[in-house]
J.: 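One structure, as structure tokens, below. Some questions next.
Just so it is clear, the model here is predicted, and its values are computed rather than measured.
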Amino acid sequence: MADNLLQIDDLTLHYGGSQILNGISMDANIGEVVCVMGTNGVGKTSLLKALSGTHAHSGGSYQLAGETITKTSAHALAKNGVAYVPQGREIFPFLTVKENLETGFACLPRSEHKIPDEIFDLFPILKDFLARRGGDLSGGQQQQLAIARALITRPKLLLLDEPTEGIQPNIIKQIGDVIRHLRGQSDMCIILVEQFFDFAYELGDRFVVMDRGAVKLTGTTDTIPKDTLRDAVSV
């Protein structure tokens, strides 16, 4: 496996007076898909928000490529190579597909303000719909747009929150193929929050199962039997 990219130790997160993350520790490597799993409300999305800088973590250690992250803003983390595709996608409905993609330029030097051809190789439908408004796309097409917009920023750490939610099966397969392709490039780490067990199991190199804001099981496909992982996720 490639170099370690992400290292978090005893990470905590509070919303107001409530503690949402209770001492999360995990690491992730370049060229790896890490699946964060668990039932609703256990803190999976909160973990991605802490890693993306959307909500600053309250305590513990967060290191990205050897650099300690403290109260860094989401924009600063994006410039450092963290891309976050949130649950619900959050594309701009009144901007065109092209304009949505170009919002990713904010993290890049002016010399790199160009949509790479690879984006359209991965998501051919977007090339046909460049002039269409984001809000006029189907849910699956919006999800493709949201992932493509994240890839525009050339991330080292790609955070995907429930990318298959409400998506038709043919686009779920395409998103899986894109994740496999990105892993094969060996230039980024992908952290995938996913409820669709078979999708996650087929893609994951490593698994982190959460419960009540803490890690209750972690390991790889070699160290966790599939049935054990399924049971841990469903309880």
Side-chain angles (χ1 to χ4, degrees), residues 33 35-36 40 44-49 51-55 73-75 77-79 81-185 188 190-200 202-203:
V33 176
C35 295
V36 179
N40 286 330
K44 305 184 301 294
T45 292
S46 295
L47 174 61
L48 294 194
K49 287 182 175 180
L51 295 178
S52 68
T54 307
H55 288 296
S73 69
H75 180 70
L77 274 172
K79 293 188 76 169
V82 179
Y84 177 35
V85 181
Q87 192 174 16
R89 301 176 279 275
E90 295 183 11
I91 59 134
F92 296 103
F94 297 111
L95 297 184
T96 66
V97 166
K98 183 172 185 286
E99 289 166 341
N100 267 278
L101 292 172
E102 289 173 344
T103 61
F105 292 168
C107 301
L108 299 174
R110 185 170 294 277
S111 61
E112 296 178 19
H113 287 193
K114 177 181 181 295
I115 301 171
D117 291 338
E118 184 190 21
I119 294 295
F120 302 123
D121 293 339
L122 294 174
F123 303 107
I125 194 70
L126 297 183
K127 190 168 188 178
D128 297 334
F129 288 171
L130 279 174
R132 188 170 296 192
R133 291 198 312 181
D136 294 334
L137 303 183
S138 71
Q141 291 160 354
Q142 289 183 6
Q143 185 66 68
Q144 293 178 79
L145 175 56
I147 296 173
R149 179 179 61 185
L151 294 178
I152 290 283
T153 68
R154 305 186 183 185
K156 297 184 297 237
L157 180 63
L158 177 62
L159 309 172
L160 301 176
D161 195 355
E162 303 279 7
T164 69
E165 185 179 48
I167 304 301
Q168 54 267 47
N170 64 313
I171 295 187
I172 289 176
K173 181 183 181 303
Q174 184 180 4
I175 289 170
D177 291 342
V178 166
I179 292 172
R180 287 186 189 90
H181 171 81
L182 295 173
R183 176 176 57 190
Q185 299 287 89
M188 73 172 68
I190 299 169
I191 296 185
L192 171 66
V193 165
E194 183 55 59
Q195 295 273 32
F196 183 2
F197 181 87
D198 289 338
F199 181 85
E202 289 170 10
L203 288 169

J.: Output the distance between atom CD (Glu99) and atom CZ (Arg149), rounded to the nearest 0.5 Å.
T.: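 So the gap between those two atoms works out to 12.5 Å.
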
J.: Can you find a heavy atom in the side chain of Gln195 that is under 4.5 Å from one in the side chain of Asn40?
T.: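 The answer is yes, as the side chains (C-beta and beyond) meet within the 4.5 Å cut-off.
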
J.: Should the heavy atoms of other residues, nucleotides or ligands under 6.0 Å from CG of Asp117 be counted, would the total exceed 12?
T.: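 No.
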
J.: Closer than 3.5 angstrom, by distance alone: can the side chain of Asn100 be matched with the main-chain N or O of Thr96 as a donor-acceptor pair?
T.: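 Present.
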
J.: Taking atom CG of Leu151 and atom CD1 of Ile115, what is their separation to the nearest 0.5 Å?
T.: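 Result: 12.5 Å between the selected atoms.
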
J.: What verdict does the side chain to side chain contact (heavy atoms under 4.5 Å, CB included) test give for Ile179 and Val33, after you've listed the backbone C-alpha separation in whole Å, the side-chain angles of each residue and the deciding distance to 0.1 Å?
T.: CA-CA 8 Å; Ile179 292 172; Val33 176; 3.9 Å; yes

J.: Could you give the distance from NZ (Lys44) to CG (Leu48), rounded to the nearest 0.5 Å?
T.: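 Taking NZ in Lys44 and CG in Leu48, the distance rounds to 9.5 Å.
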
J.: Looking only at heavy atoms, what is the nearest atom pair of Cys35 and Ala200, with distance?
T.: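 Scanning both residues completely, I find the closest heavy atoms to be SG-O, 3.4 Å.
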
J.: I'd like to check the ring-ring contact (aromatic ring centres under 6.0 Å, His included) partners of Phe105; sequence neighbours left out, ordered by chain and number.
T.: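 If we apply the ring-ring contact (aromatic ring centres under 6.0 Å, His included) test to Phe105, skipping adjacent residues, the hits are His113.
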
J.: Show, in sequence, the C-alpha distance, side-chain angles and deciding distance for Gln143 and Ile171, and conclude whether the side chain to side chain contact (heavy atoms under 4.5 Å, CB included) test is met.
T.: CA-CA 9 Å; Gln143 185 66 68; Ile171 295 187; 5.6 Å; no

J.: Using side-chain contact (heavy atoms from CB on, under 4.5 Å) as the criterion, point out the one residue from Leu160, Asp161, Ile167 that pairs with Pro163.
T.: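 The option that passes is Leu160.
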
J.: Would you compute the distance between atom CG of Leu47 and atom CD1 of Ile191 and round it to the nearest 0.5 angstrom?
T.: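 Output value for this atom pair is 6.5 Å.
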
J.: Do you know the tightest heavy-atom contact between Leu130 and Leu101?
T.: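 The pair with the smallest heavy-atom distance is CD2-CD1, 4.2 Å.
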
J.: Between Ile152 and Leu108, is the side chain to side chain contact (heavy atoms under 4.5 Å, CB included) condition met? List the steps.
T.: CA-CA 9 Å; Ile152 290 283; Leu108 299 174; 4.3 Å; yes

J.: Between the side chain of Gln144 and the main-chain N/O of Leu126, is any donor-acceptor distance below 3.5 Å?
T.: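 A pair under 3.5 Å: no.
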
J.: I'd like to know if Arg154 pairs up with Glu112 as an ion pair, taking the criterion as any Lys NZ or Arg NE/NH1/NH2 lying under 4.0 Å from an Asp or Glu carboxylate oxygen.
T.: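 Salt bridge flag = yes for Glu112 with Arg154.
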
J.: Pair up each side-chain donor or acceptor in residues 81-93 with any protein partner under 3.5 Å, not counting sequence neighbours, and list the distances.
T.:
unit_1, atom_1, unit_2, atom_2, d
Gln87, NE2, Glu165, OE1, 3.2
Gln87, NE2, Glu165, OE2, 3.2

J.: Indicate yes or no: does Glu202 engage Arg180 in a salt bridge with an N to O separation below 4.0 Å.
T.: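 Looking at Glu202 and Arg180, the cut-off is met.
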
J.: Can you tell me how far CD1 of Ile175 sits from CD1 of Ile147, rounded to the nearest 0.5 angstrom?
T.: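 It comes to 4.5 Å.
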
J.: Hey, are the side chains of Glu102 and Lys114 touching, using non-hydrogen atoms and a 4.5 Å cut-off?
T.: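 The answer is no, as the side chains (C-beta and beyond) never meet within the 4.5 Å cut-off.
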
J.: Where is the tightest heavy-atom contact between Ala148 and Phe123, given as atom of each residue plus distance?
T.: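 Shortest heavy-atom separation between Ala148 and Phe123 comes out as CB-CD1, 3.8 Å.
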
J.: Work out which heavy atom in Gln174 is nearest to a heavy atom in Pro124; give both atom names and the distance.
T.: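 Looks like NE2-CD, 3.7 Å.
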
J.: Please report the shortest heavy-atom distance between Leu158 and Leu182, naming the atom on each side.
T.: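 Heavy atoms of Leu158 and Leu182 come nearest at CD2-CD1, 4.0 Å.
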
J.: When you look at Gln141 and Ile125, which way does the side chain to side chain contact (heavy atoms under 4.5 Å, CB included) test go after all the steps?
T.: CA-CA 8 Å; Gln141 291 160 354; Ile125 194 70; 4.2 Å; yes

J.: Side chains of Leu157 and Pro155: closer than 4.5 Å at any heavy-atom pair?
T.: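 Leu157 vs Pro155: side chains apart.
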
J.: Let me confirm one number: the CG-CZ distance from Leu145 to Arg132, rounded to the nearest 0.5 Å.
T.: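 Taking CG in Leu145 and CZ in Arg132, the distance rounds to 12.5 Å.
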
J.: Considering all heavy atoms of both residues, which atom of Phe196 and which atom of Ile172 are nearest to each other, and what is their separation?
T.: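 Taking every non-hydrogen atom into account, CE2-CG2, 4.1 Å.
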
J.: Is the shortest heavy-atom distance from the side chain of Arg133 to the side chain of Asp136 under 4.5 Å?
T.: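 When only atoms from C-beta onward are counted, Asp136 and Arg133 do touch, with a gap below 4.5 Å.
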
